[in-house]
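Report on the following structure.
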Amino acid sequence: MLKRTHNCGELRLADVGSAVRLCGWVRSYRDHGGVVFVDLRDREGITQVVFGVPDDDSEAAQQQYKLARALRHEWVISIGGEVGPRGEERNNPKLATGEIEVLCNELVLLNRSDAVPFEPDEYHTTSEENRLKYRYLDLRRPEMTKALRLRHQICRVMRNTLDEHDFVEVETPFLTRSTPEGARDFLVPSRMQFDSFYALPQSPQLFKQILMVGGLDRYYQVVRCFRDEDLRADRQPEFTQLDVELSFCSEQDVMDITNQVLRNICELCDKPFPADVPVIDYDESMRRFGTDRPDLRFGMELVDISDLASQTEFGVFNGALGSGGVVQCVVIPGGAVMTRKETDGLANWSKEFGAKGLANTKVAAGKTLETGVAKFLTPIAEELIERTGANEGDLICFGADTKKIVQRVLGELRSKMARERDLVPPGEFKWVWVVDFPLVEYNEDMKRLDVLHHPFTSPNMDDWETKQDTPTEMKSRAYDIVCNGMEMGGGSIRIHQPELQRKVFDLLDIGKEEAEEKFGFLLNALRYGAPPHGGIALGLDRVVMTMIGAHSIRDVIAFPKTQRGSCPLTNAPAAVDEQQLTDLDLKILTPPAEKQ
RNA sequence: GCGGCGGUAGCUCAAUUGGUUAGAGCCCUGGACUGUCGAUCCAGAGGUUGCGAGUUCGAGUCUCGUCCGCCGCGCCA
């Protein structure tokens, strides 16, 4: 194998005259009969290679030119030749190497390629399914190569930053035990103990806490996590976290080190990162944005008008208020241009989030309201416009329901409208910490309290001591880092005293026996001198997505799964041999035909 | 589990109200061409319209079912 002297992205005018050897894939070819051009691609770029009619009549030279004319898309070749200038009128400004070309004097065919289902260049697109099925072709696209290489660099920055702060990377088990609550576990049957199962970790949460008890002091890990839940554009069944845990720390210590990691990542990616990341508490975020992951790139905040609404004769408003609900609104700048069909569509869309509908009105000239529910709003029109700051040409959308539903719907509406109506300033990155989450919330369906973060999160101790009778008012010591409306990570100060942990389990109605059975090992560990500790986990996939502006998490993962959790490349998941089932003492109960 | 959108040549798409032999570009094959750069020109090959029923004289088109993909809801402590 003849060694490359250069890659396909680095030759410049200064190299003219050099003898070089390049290897790569035929991205395109242009056969003019007497001269053949090949654009040769590797991960670094594209270089034009020129094959001219050979001067000598030797068999070898003729054969080589014949081969050059036979080259097709994605064939793999090695070429030797001399770098030549293209000359001003022949430069290709689209290529970094566009001022030179390599005049080939030796061509070696390393491999042929079948006709490709799609050409991996910027001009051709194909279905998501095809991209995954032929992922090796898709990965040759510069965009994908770039994404994976940036992901690598981001990982390196994470490791370097934490290494500089004396963190130790420790691996934790993938084969572990199933723990209750949280997401559904992926199970792995045990052969040696045929009636038992391992579970793949949803996160290394318990192990990293035990590492703190073990005196590691500062731990991190770039680690795969597994959750068997349905997929979304930003969710895969296996995803990667930067998992971090520190001993003897406060919230501020965790936030400081996280900010440092993110700052270095943003510097790498040439994106801004603020000297001071804003911090808002959960209640404020819910009140102003209707969500715990606010997008601060635009305004359109929620405005409560319950007091004004009660002065109207509008049944929808009064009905909501009468049953203890609220009336709030969001102003959509320029939204008055929306048609009746479009606003009806919004009302229908709002039902996905539990709303009964979405009243609206338009702000017309002279600060008057028109269309929609305008006729009900006459008595409050002036003050409504004043309070919301709405302008002529805006659309005001109202939510009237329980506070929870109204915040949810208007929060979603705010994001949707900003996105769809181009109200998001391009190129902005708005980071924000959301803190003081409630410790628990009441689960209406199950008639019990559920944790917001996880059951090892420390309560705010003042609240814990004073609000035992109203647990939903207690705050926890949890925090989330959010960028542009996407949750990038979250963590908390943990409980390090076994007595408190036990009491929190009690609050969650996790019985003594169950706690002992499922979390006994953690409770035991806490009894042997567990230091105060806390940490965070950042979603690597989402950080990379944000940095490159990807719309799908699949675009930053080399081999992702489809929405139904299958892999078109390998056809996983797949049936296994009968013998494998026998070894595990497993039996498929539903015959394949009935599953459909 | 539910809702929305989609599935026609290897790829991207078209096909009037349900009406003749389902077309075009790219790719591929053969040919022409000494400066292209998403080369161009000529010719050719290439189809179970995702799959299965139904309605009809006639279905790519209408109906039902089903599979797959994408987006969302539920779910994701």
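So you know, we letter chains A, B, ... as the sequences are listed, proteins then strands, and number each from 1.
Residue contacts for A:P117: at a heavy-atom cut-off of 4.0 Å it reaches the sugar-phosphate backbone alone, with no base atom in range. Backbone-only engagement by A:E128 is indicated by non-hydrogen atom pairs under 4.0 Å involving sugar-phosphate atoms exclusively. Counting non-hydrogen atoms under 4.0 angstrom, A:E101 reaches a base of the nucleic acid. At the heavy-atom level, A:L231 lies nowhere under 4.0 Å from the strands shown. Among the atoms of the strands shown, base atoms are found under 4.0 Å from some heavy atom of A:D31. Nucleic acid contact class of A:N91 (heavy atoms, under 4.0 Å, all strands): base. Residue contacts for A:E119: at a heavy-atom cut-off of 4.0 Å it reaches the sugar-phosphate backbone alone, with no base atom in range. Note on A:Q563: a base of the nucleic acid sits closer than 4.0 angstrom, heavy atoms only. Nucleic acid contact class of A:F118 (heavy atoms, under 4.0 Å, all strands): none. As judged by a 4.0 angstrom heavy-atom cut-off over every strand, A:F437 is placed among residues making no nucleic acid contact.
Note on A:R502 versus A:D506: no salt bridge recorded, every NZ/NE/NH1/NH2 to OD/OE distance being 4.0 Å or above. Classification of A:D463 and A:K475 as a salt-bridged pair fails, no side-chain N sitting under 4.0 Å from a carboxylate O. Salt-bridge annotation for A:D15 and A:R12: absent, with no side-chain N of the basic residue lying under 4.0 Å from a carboxylate O of the acidic one.
For A:R30 and B:rU36, the shortest distance from a side-chain N or O to OP1 or OP2 is not below 4.0 Å. Checking the phosphate oxygens (OP1, OP2) of B:rC68, no side-chain nitrogen or oxygen of A:S566 falls inside 4.0 Å. Residue A:R408 places at least one side-chain N or O under 4.0 Å from the OP1 or OP2 atom of B:rC73. Proximity of A:K351 to the phosphate of B:rC73: no side-chain N or O atom is located under 4.0 Å from OP1 or OP2. Remark: A:Y123 is not in phosphate contact with B:rC27, judged by side-chain N or O atoms under 4.0 Å from OP1 or OP2. Distances shorter than 4.0 Å separate some side-chain N or O of A:T562 from OP1 or OP2 on B:rG69. Distances shorter than 4.0 Å separate none of the side-chain N or O atoms of A:R27 from OP1 or OP2 on B:rC37. Phosphate proximity of B:rC26 to A:H124: absent, as no side-chain N or O sits under 4.0 Å from OP1 or OP2. A:N130 has a side-chain polar atom (N or O) that falls below the 4.0 Å cut-off from OP1 or OP2 of B:rC11. For B:rA77, the OP1/OP2 oxygens have no side-chain nitrogen or oxygen of A:T457 closer than 4.0 Å. Phosphate proximity of B:rC37 to A:T47: absent, as no side-chain N or O sits under 4.0 Å from OP1 or OP2.
Between the CG atom of A:N348 and the C1' atom of B:rG3 there is a distance of 10 Å, rounded to whole Å. Distance A:K416 NZ to B:rG72 C1': 9 Å, rounded to the nearest Å. Rounded to whole Å, atom P of B:rC27 lies 15 Å from atom CH2 of A:W75. Per the geometry, CD belonging to A:Q205 stands 10 Å off C1' belonging to B:rA77, to the nearest Å. Rounded to an integer number of Å, the gap from CG of A:L137 to P of B:rG10 is 16 Å. The CG-C1' distance, from A:D230 to B:rC70, rounds to 14 Å in whole Å. A:R69 has its CZ atom 7 Å from the P atom of B:rA32, to the nearest Å. Rounded to whole Å, atom C1' of B:rG35 lies 13 Å from atom CG of A:D39.
Between B:rC71, B:rG35, B:rC73, one nucleotide has an atom nearer to the side chain of A:Q48 than all others, and that is B:rG35. Minimum atom distance to the side chain of A:H454 is reached by B:rA77, of the listed B:rC73, B:rC27, B:rA77.
Between the P atoms of B:rU16 and B:rC11, the separation comes to 23 Å (whole Å). Here the separation of B:rG50 from B:rU61, taken at their P atoms, is 8 Å to the nearest Å. Of the P atoms belonging to B:rG58 and B:rU40, the separation is 46 Å, rounded to the nearest Å. Comparing the C1' positions of B:rU12 and B:rG52 gives an interatomic distance of 28 Å, to the nearest angstrom. Taking the C1' atom of each, B:rC70 and B:rC62 are spaced 26 Å apart, rounded to whole Å. Comparing B:rU66 with B:rG30, their C1' atoms are spaced 43 Å from each other, to the whole Å. Across B:rC27 and B:rC67, the matching C1' atoms stand 28 Å from one another, rounded to whole Å. Rounded to the nearest Å, the gap between the C1' atom of B:rG18 and that of B:rU49 is 15 Å.
B:rU20 makes up no base pair with any nucleotide shown, lacking Watson-Crick or G-U wobble contacts both under 3.5 Å. Figure legend. B:rC28 is base-paired to B:rG44; pairs are counted as Watson-Crick or G-U wobble with both atom distances under 3.5 Å. Nucleotide B:rG3 forms a pair with B:rC71, judged by Watson-Crick or G-U wobble geometry with both contacts under 3.5 Å. Pair check for B:rC33 finds none; no Watson-Crick or G-U wobble contact set falls under 3.5 Å. Nucleotide B:rC76 forms a pair with no other nucleotide shown, judged by Watson-Crick or G-U wobble geometry with both contacts under 3.5 Å. A 3.5 Å limit on both hydrogen-bonding distances identifies B:rC51 as the Watson-Crick or G-U partner of B:rG65. Checking B:rA59 for Watson-Crick or G-U wobble geometry (two distances, each under 3.5 Å) identifies no partner in any strand.
With the nearest nucleotide of RNA chain B identified for both A:F37 and A:T125, A:T125 has the one nearer the 5' end. For A:N92 and A:R554, each mapped to the nucleotide of RNA chain B holding its nearest heavy atom, the one lying further toward the 5' end belongs to A:N92.
Between A:F519 and A:F505, the two ring planes are parallel [angle under 30°; tilted spans 30° to 60°]. Ring planes of A:F456 and A:H454: tilted class, angle from 30 to 60°.
Side-chain atoms of A:R227 stay outside donor-acceptor range of the base of B:rC76, with no qualifying N/O pair under 3.5 Å. For B:rG74, its base never sits under 3.5 Å from the side chain of A:E229 at any donor and acceptor pair. Interface remark: the A:R86 side chain does form a donor-acceptor pair with the B:rC37 base, using a distance-only criterion of under 3.5 Å. Taking only distance into account, the side chain of A:R564 never meets the base of B:rC70 through a donor-acceptor pair shorter than 3.5 Å. Donor-acceptor pairing under 3.5 Å, judged by distance alone, is present between the side chain of A:R232 and the base of B:rG74.
Using a distance-only test at 3.5 Å, with no hydrogens or angles considered, no donor-acceptor pair links the side chain of A:R494 to the main chain of A:T457. Formation of a donor-acceptor pair under 3.5 Å by the A:Q236 side chain with backbone atoms of A:K561 is found in this model.
Considering all non-hydrogen atoms of both residues, A:E99 and A:N91 come closest at CA-OD1, 3.5 Å. Here the shortest heavy-atom pairing between A:I495 and A:H533 reads O-CE1, 4.1 Å.
A stacked arrangement is not assigned to A:H453 and the six-membered base ring of B:rA77, the conditions of a centre distance below 5.5 Å and an interplanar angle below 30° not being jointly met.
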Inset, instruction - Give the C-alpha distance, both sets of side-chain angles, the deciding distance and a yes or no for side chain to side chain donor-acceptor pair (under 3.5 Å) between A:Q202 and A:D185. - result: CA-CA 7 Å; A:Q202 295 176 28; A:D185 283 323; 2.6 Å; yes

